[in-house]
Amino acid sequence: MKELATKYDPKEVEDRIYKSWLEGKYFHAQPNPEKKPYTIVIPPPNITGQLHMGHALDNTLQDILIRFRRMQGYDTLWLPGTDHASIATEAKIVAAMKEEGITKEDIGRDAFLERAWEWKAKYGGRIIEQLKKMGSSCDWDRERFTLDEGCSKAVREVFCNLYEKGLIYRGERIINWCTHCKTSISDAEVEYEEHDGNFWHLRYPFKDGTGSIEVATTRPETIPGDTGVAVHPDDERYKHLIGKTVIIPVIGREIPIVADTYAKMDKGTGAVKITPAHDPNDFEVGLRCNLPVINVMTDDGFMNEKAGKYAGMTLMECREAIVKDMQQAGALIKIEPTKHEVGSCYRCHTVVEPRVSKQWFVKMEPLAKPAIKAVRDGKTKFIPERFNKIYFNWMENIRDWCISRQLWWGHRIPAWYCNECGEITVSREEPSKCCKCGSTYIKQDEDTLDTWFSSALWPFSTLGWPEKTPELEHYYPTSTLVTGYDIIFFWVARMIFSACEQMGEVPFDTVFIHGIVRDELGRKMSKSLGNGIDPLVVIDKYGADALRMTLATGNSPGNDMRYSEKKVEASRNFANKVWNAARFILMNLDENEPVPHIPEELALEDKWILSLFNNLTKEVTDNLEKFELGVAIQKLYDFIWDIFCDWYIELAKIRLQTGGEKAKQVKAVLVYVMSETLKLLHPFMPFITEEIWQTLPHNGETIMKAAWPVYNEKLVFESDEKKMEIIMEAIKAIRNRRSEMNVPPSRKAHIYIATENKDIFDIATVFMQRLASAADVTVGDSFDIPGAVSIVTASAKIYIPMGDLVDFEAERKRLNKEKETTEKKLAQINAKLSNPGFLAKAPEAVIECQKAEAAKLTEKIKMIEESMLAMQ
RNA sequence: GAGGGUGUAGCUCAGUUGGUCAGAGCGCUUGCUUGACAUGCAAGAGGUCGAUGGUUCGAGCCCAUUCAUCCUCACCA
């Protein structure tokens with residue numbers, strides 16, 4: 001018989017086991033039409049990324065689901081891959097080049113991309129290796145990359161499809177501009193934060209010198225871009241001024257007063273300055289009122305030549321200078337402090353400038369509609385359900401999606417401009433000439449696509465689309481998408497509308513949403529706070545199973561959780577418990593012990609544990625199917641520790657010592673329950689369960705492919721469960737009394753049990769010797785033992801002669817107190833049972849249960865009274 | 001401005017469709033070299049389930065109001 005080491009050493013076990021899984025190709029999936037598919041596509045981590053707790057949680061949950069379904073017999077595919085992360089990666093490479101003193105413009109596009117690919121080759125696989133440390137059972141043979149050939153083909157296909165349908169267009173719009181990344185970003189990529197700011201109230205004089213009009217701004221640096229002042233057409237105060245010309249103070253440019261309903265009469269002074277190039281609302285007003293658009297900023301955050309004397313200043317310098325000049329010119333009326341939301345880039349946290357720019361956009365409304373319907377119709381379900389609302393809210397108010405980025409690392413936009421006629425040729429393949437005039441003087445768009453444009457296609461691009469592959473046929477639509485709520489807008493929503501449009505079908509049945517892992521104090525883990533916990537460090541210290549168990553335990557869908565090392569310790573202790581239980585069992589097995597069957601003949605405790613295990617199987621399966629992973633692991637924990645180890649193994653020792661047939665019997669049950677429980681535990685703690693399972697007598701190569709336990713009618717032993725409960729209640733009561741009296745376990749005592757359930761307590765005799773420090777047990781109808789401690793349970797009166805240890809006064813008090821609490825309980829139940837409403841409306845089973853409870857309590861009170869009488 | 005989450009033992013949190021649901025882990029107290037495990041065993045203390053009202057025979061769970069706290073989205077001349 002193989003042996004387990006005295007101590008579980010995750011470091012030694014995990015790498016060895018993972019390697020054996022890889023060698024066995026157990027993670028690999030091949031489309032098998034005979035079997036039902038279960039598919040998960042991984043949320044592709046950025047190639048720039050390092051494994052953090054968020055990944056650890058996300059991948060633990062996915063691996064639990066995948067391993068569970070694999071064991072259930074599904075044709076299971078967990079498809080891994082990485083995301084090229086255009087902004088993040090490009091920023092890293094630019095930063096690295098800066099160290100060398102060169103810019104990307106210095107070396108040009110091709111050389112830059114060469115460097116990027118080199119970088120990818122060097123670091124892109126790092127996070128994948130880290131995922132493996134977690135035990136992730138991805139099909140690594142199918143690993144994909146958003147910028148690989150297949151994904152790129154899918155991207156071009158989708159771009160062209162949408163363009164041909166008129167759902168992608170190019171135009172001048174206000175977009176969010178990051179002056180650090182020097183690219184446009186989408187609305188979703190802007191994070192807002194409240195900042196202290198000011199309203200600067202300014203006086204714009206009329207050209208004819210007849211007065212002035214007051215306007216206010218929070219961004220004085222945009223004043224050089226003002227091209228109008230708007231008032232509401234019905235505003236009596238200003239009606240007569242419409243059409244008048246005002247002069248921008250300091251700047252000196254003349255601009256008209258225009259009428260537009262955007263100006264709200266009850267807001268501010270009712271007059272609003274219009275800067276079409278730097279504000280989305282102003283842009284619209286500008287269009288309606290035919291105002292010119294003057295962009296006063298450079299793409300790296302300076303004022304440009306249009307800003308006149310302010311050119312070359314940073315935006316902040318310009319703000320200060322303008323305010324100062326306005327004041328000197330007497331145009332500044334007042335400064336009113338205020339708080340306002342300032343947008344910043346979600347990648348680099350630089351303040352984002354709204355700015356007019358020619359970009360590519362996806363027209364969202366026609367795409368959003370079917371995507372909303374799909375979720376409304378339940379084709380894709382969010383778990384927990386409340387995320388439906390968040391999804392709907394976003395989708396229903398969505399604006400067009402700016403998809404072009406002024407970056408090089410990414411999918412280049414498949415559009416070519418004709419130098420002769422200006423026509424745009426959009427094509428899947430590189431065109432040789434203009435589609436309109438046939439000129440060969442064409443040039444491809446310099447920009448690349450938003451990273452999320454390619455990740456939006458992930459569920460089908462990775463399965464081979466636009467080719468009709470067997471994989472796509474079999475594994476699509478995927479089953480479950482596991483991700484955090486922070487990424488619903490970026491990714492989940494975009495996958496749904498992309499799939500609806502391209503595939504005519506939702507990308508997944510279920511979106512299983514989890515929260516974020518916070519630090520011990522409930523703060524978000526972040527680089528700037530330096531409070532991040534490195535999962536790899538935790539794995540190194542406690543093992544991957546312990547980390548996984550920690551992340552699964554107490555995790556409820558959609559909610560954040562706090563990480564603490566104490567929790568990992570608890571999980572590590574649990575692993576240790578499982579390990580030692582197995583060691584104990586193995587210690588008692590013979591060489592070449594065959595794989596056991598459940599014996600024909602079973603003792604009471606065998607039936608009890610089998611029955612409880614059987615229930616556990618049902619509940620854990622049920623919980624996993626409903627994505628209640630935290631509940632499932634809690635049940636496993638309780639069963640293994642409190643039921644199997646603390647009771648069954650202790651009871652098993654009796655027959656193991658006896659030897660012979662009885663020992664054989666109990667060994668079979670021990671091995672059976674242990675190895676079946678390991679299967680239920682395997683999705684949560686894959687390494688330790690595999691290591692132990694391999695050591696126990698088993699059939700098959702790996703626990704990974706062992707059949708998931710199923711509920712078995714033959715293992716239902718309800719009456720035996722009840723009998724065991726009666727015995728356990730008695731044992732606990734005895735322990736309790738002895739403990740209260742400070743009797744050490746070494747001091748054995750005679751125990752007398754007066755009961756109507758003599759058959760049960762006859763069996764319990766040996767149990768009591770083992771677990772309740774009984775020297776001997778006498779079972780009978782009634783006893784009269786002077787000077788004994790008496791203990792009353794619902795089914796027995798127990799006497800323990802304790803001689804001088806007994807304080808009769810205290811005994812009486814204790815019994816009295818117990819009687820009182822029991823009577824209180826009984827009164828509560830009787831109140832229910834005498835309530836006609838309860839009797840009429842409560843289900844039969846509930847009433848029966850209450851009646852039984854009442855009977856038990858009545859019996860108990862009777863016995864307490866008898867005991868008290870006997871003490872007189 | 002709109003929407004949402006959370007509030008349960010000292011701490012961190014479970015509690016699945018309203019009826020053995022008042023729970024777990026950690027911490028705390030007490031006692032144990034119990035033949036797998038001190039990363040352990042046994043016993044114990046500790047909670048009006050944020051507050052108030054309602055629905056119901058019955059509410060930690062459903063509804064309304066309210067307080068606290070966190071988050072998301074939107075807007076701001």
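- Contact annotation for A:Phe644: no contact, since no heavy-atom pair falls under 4.0 Å across all strands.
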Go through A:Glu725 and A:Lys732 one step at a time and tell me if the salt bridge (charged side-chain N to carboxylate O under 4.0 Å, His left out) criterion holds. CA-CA 10 Å; A:Glu725 273 162 30; A:Lys732 284 185 200 166; over 6 Å; no

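- Rounded to an integer number of Å, the gap from CZ of A:Phe387 to C1' of B:rC71 is 10 Å.
- With hydrogens and angles left out, the side chain of A:Glu650 and the base of B:rA36 share a donor-acceptor pair within 3.5 Å.
- Here A:Glu341 lies in heavy-atom contact (under 4.0 Å) with a base.
- When heavy atoms are screened at a 4.0 angstrom cut-off, A:Lys273 is found touching no nucleic acid atom at all.
- Within 4.0 Å of A:Trp200, counting heavy atoms only, lies no atom of the nucleic acid at all.
- A:Tyr204 and A:Asp226 share a side-chain donor-acceptor pair at under 3.5 Å.
- Rounded to a whole Å, the CG atom of A:Asn559 is 7 Å from the C1' atom of B:rG5.
- Contact annotation for A:Lys267: base contact, defined as any heavy-atom pair under 4.0 Å involving a base atom.
- Using a 4.0 Å heavy-atom cutoff across all strands shown, A:Ser556 reaches sugar-phosphate atoms only and no base atom.
- When distances are taken from the side chain of A:Asn393 to each of B:rC75, B:rC73, B:rU39, the shortest belongs to B:rC73.
- Using a 4.0 Å heavy-atom criterion, one finds that A:Pro836 contacts no nucleic acid atom at all.
- Classified by interplanar angle (parallel below 30°, tilted 30° to 60°, perpendicular above 60°), the ring pair A:Phe489/A:Trp394 is parallel.
- Aromatic ring centres of A:Tyr346 and A:Phe490: separated by under 6.0 Å.
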